[in-house]
Amino acid sequence: MIAIQSPLEGTEHDFVQIKRVLEKQGFVLGGNWDYGSGSFDLNLDEQNKVWLRLGFDVLRGNIDDQTEDNDASIKLTTPYVLRHLYREGNDPEAKARTVGALFDQFQAPVDPDAEVDGKWVDQAGEQLRRAEDQLLTAR
């Protein structure tokens with residue numbers, strides 16, 4: 001994981017408005033969100049291993065990924081680029097289980113915080129500048 005300096009850090013936004021702007025640029029609401037925090041993630045590679053992440057904390061209200069009918073305000077945290085390495089092929093730890101398959105359908109990364117090549121840091125920086133331009137001029 002490599003942090004990227006940004007004037008977005010510490011800025012407050014209406015959740016629905018920032019979500020709309022970022023989705024137009026290809027960001028998605030990260031699957032790790034909850035009612036107190038979350039992130040907007042942008043995939044940087046075709047294998048879905050390198051990501052630009054814009055984290056946030058919820059200041060007021062409740063976020064919901066299914067509706068725009070909410071009043072949440074969020075505060076952005078330090079953006080960063082990260083790389084997850086996944087095992088290619090079958091997982092040697094996998095066991096045949098019917099009920100467990102419902103819960104264990106995705107394997108854990110071999111290295112959830114793998115080294116990030118400089119080209120990805122540069123690309124993340126470019127994408128972040130685009131987001132900054134859209135978000136800071138919309139205020």
Side-chain angles (χ1 to χ4, degrees):
M1 174 178 83
I2 297 178
I4 303 175
Q5 295 297 320
S6 172
L8 291 176
E9 183 178 352
T11 60
E12 295 182 22
H13 301 268
D14 173 79
F15 173 74
V16 172
Q17 181 180 15
I18 193 173
K19 183 174 182 267
R20 276 191 209 131
V21 170
L22 292 175
E23 283 178 343
K24 288 179 184 175
Q25 293 186 297
F27 283 85
V28 296
L29 181 61
N32 62 340
W33 70 274
D34 61 29
Y35 296 102
S37 63
S39 66
F40 294 103
D41 297 341
L42 179 66
N43 178 26
L44 298 175
D45 70 332
E46 292 179 11
Q47 294 79 31
N48 296 319
K49 293 181 181 178
V50 184
W51 299 85
L52 170 59
R53 179 164 285 171
L54 299 177
F56 62 82
D57 294 318
V58 178
L59 299 174
R60 289 175 293 284
N62 296 306
I63 64 170
D64 187 334
D65 70 332
Q66 300 298 313
T67 180
E68 291 194 353
D69 186 23
N70 66 61
D71 61 348
S73 294
I74 62 171
K75 182 177 181 179
L76 294 175
T77 59
T78 304
Y80 58 93
V81 61
L82 70 149
R83 181 171 164 233
H84 288 304
L85 287 183
Y86 294 93
R87 181 177 288 107
E88 301 294 331
N90 292 333
D91 185 349
E93 301 293 318
K95 297 179 182 112
R97 300 179 321 186
T98 304
V99 176
L102 296 173
F103 301 102
D104 300 332
Q105 59 182 319
F106 302 106
Q107 63 174 286
V110 173
D111 186 350
D113 196 19
E115 185 175 332
V116 179
D117 187 274
K119 77 175 187 176
W120 297 119
V121 176
D122 293 342
Q123 186 175 342
E126 290 174 24
Q127 295 294 334
L128 180 58
R129 301 303 163 249
R130 287 181 52 224
E132 290 168 351
D133 289 345
Q134 292 295 313
L135 293 171
L136 294 174
T137 58
R139 301 182 93 206

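Everything quoted here is computed from the prediction, not taken from an experiment. Quick note: residue numbers are just sequence positions, from 1.
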For this session: Show the numbers, then the answer: is there a side chain to side chain contact (heavy atoms under 4.5 Å, CB included) between Asn43 and Trp51?
Result: CA-CA 5 Å; Asn43 178 26; Trp51 299 85; 3.4 Å; yes
Exercise. How far apart are the C-alpha atoms of Ile18 and Leu76, what are their side-chain angles, what is the distance that settles it, and do they pass the side chain to side chain contact (heavy atoms under 4.5 Å, CB included) test?
Worked result: CA-CA 10 Å; Ile18 193 173; Leu76 294 175; 3.9 Å; yes
For this session: Begin from the C-alpha positions of Leu42 and Gln25 and carry the test side chain to side chain contact (heavy atoms under 4.5 Å, CB included) through to its verdict.
Result: CA-CA 8 Å; Leu42 179 66; Gln25 293 186 297; 5.9 Å; no
For this session: Apply the test side chain to side chain contact (heavy atoms under 4.5 Å, CB included) to residues Val58 and Trp33: give CA-CA distance (whole Å), side-chain angles for both, the deciding distance (0.1 Å), then the verdict.
Result: CA-CA 10 Å; Val58 178; Trp33 70 274; over 6 Å; no
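A donor-acceptor pair shorter than 3.5 Å cannot be found between the side chains of Asn70 and Asn62. Between the side chains of Arg20 and Gln17, not a single donor N or O lies within less than 3.5 Å of an accepting N or O.
Taking all atoms of both residues into account, the shortest heavy-atom contact from Leu44 to Ala124 is CD1-CB, 3.7 Å. The shortest heavy-atom contact between Asn32 and Ser39 is OD1-OG, 3.4 Å. Contact detail for Tyr80 and Ala3: the closest heavy-atom pair is CB-CA, 3.7 Å. Heavy-atom minimum distance, Ser37 versus Asp57: CB-OD1, 3.7 Å.
With sequence neighbours excluded, no residue forms a salt bridge (charged side-chain N to carboxylate O under 4.0 Å, His left out) with Glu126.
Taken to the nearest 0.5 Å, the CD atom of Gln123 stands 9.5 Å off from the CG atom of Leu52. From Glu12, atom CD reaches atom CG of Asp14 across 11.5 Å, with rounding to the nearest 0.5 Å. Atom CG in Asp41 sits 7.5 Å away from atom CG in Leu82 (nearest 0.5 Å). Here the CD1-NZ distance, from Ile74 to Lys19, works out to 11.0 Å after rounding to the nearest 0.5 Å. Once rounded to the nearest 0.5 Å, the distance linking CG of Leu22 with CZ of Arg130 reads 10.5 Å. Rounded to the nearest 0.5 angstrom, Leu8 CG and Glu132 CD are separated by 5.0 Å.
Considering only heavy atoms from C-beta on, Glu9 stays 4.5 Å or farther from Ile4 through its side chain. A heavy-atom distance below 4.5 Å is not found between the side chains of Leu128 and Val81. In this structure, Leu135 and Thr11 have side chains that are not in contact, with every pair of non-hydrogen atoms separated by 4.5 Å or more.
Residues Ile2 and Leu54 fall within the same hydrophobic cluster, defined by Ile, Leu, Val, Met, Phe, Trp and Tyr side chains chained together at heavy-atom separations under 4.5 Å.
In this pair, Phe56 and Phe40 present their aromatic rings tilted. The plane angle is within the 30 to 60° band.
Side-chain atoms of Asp45 come within 3.5 Å of backbone atoms of Val50 as a donor-acceptor pair (strictly under, hydrogens ignored). Checking side-chain atoms of Ser73 against main-chain N and O of Leu59 turns up no donor-acceptor pair under 3.5 Å.
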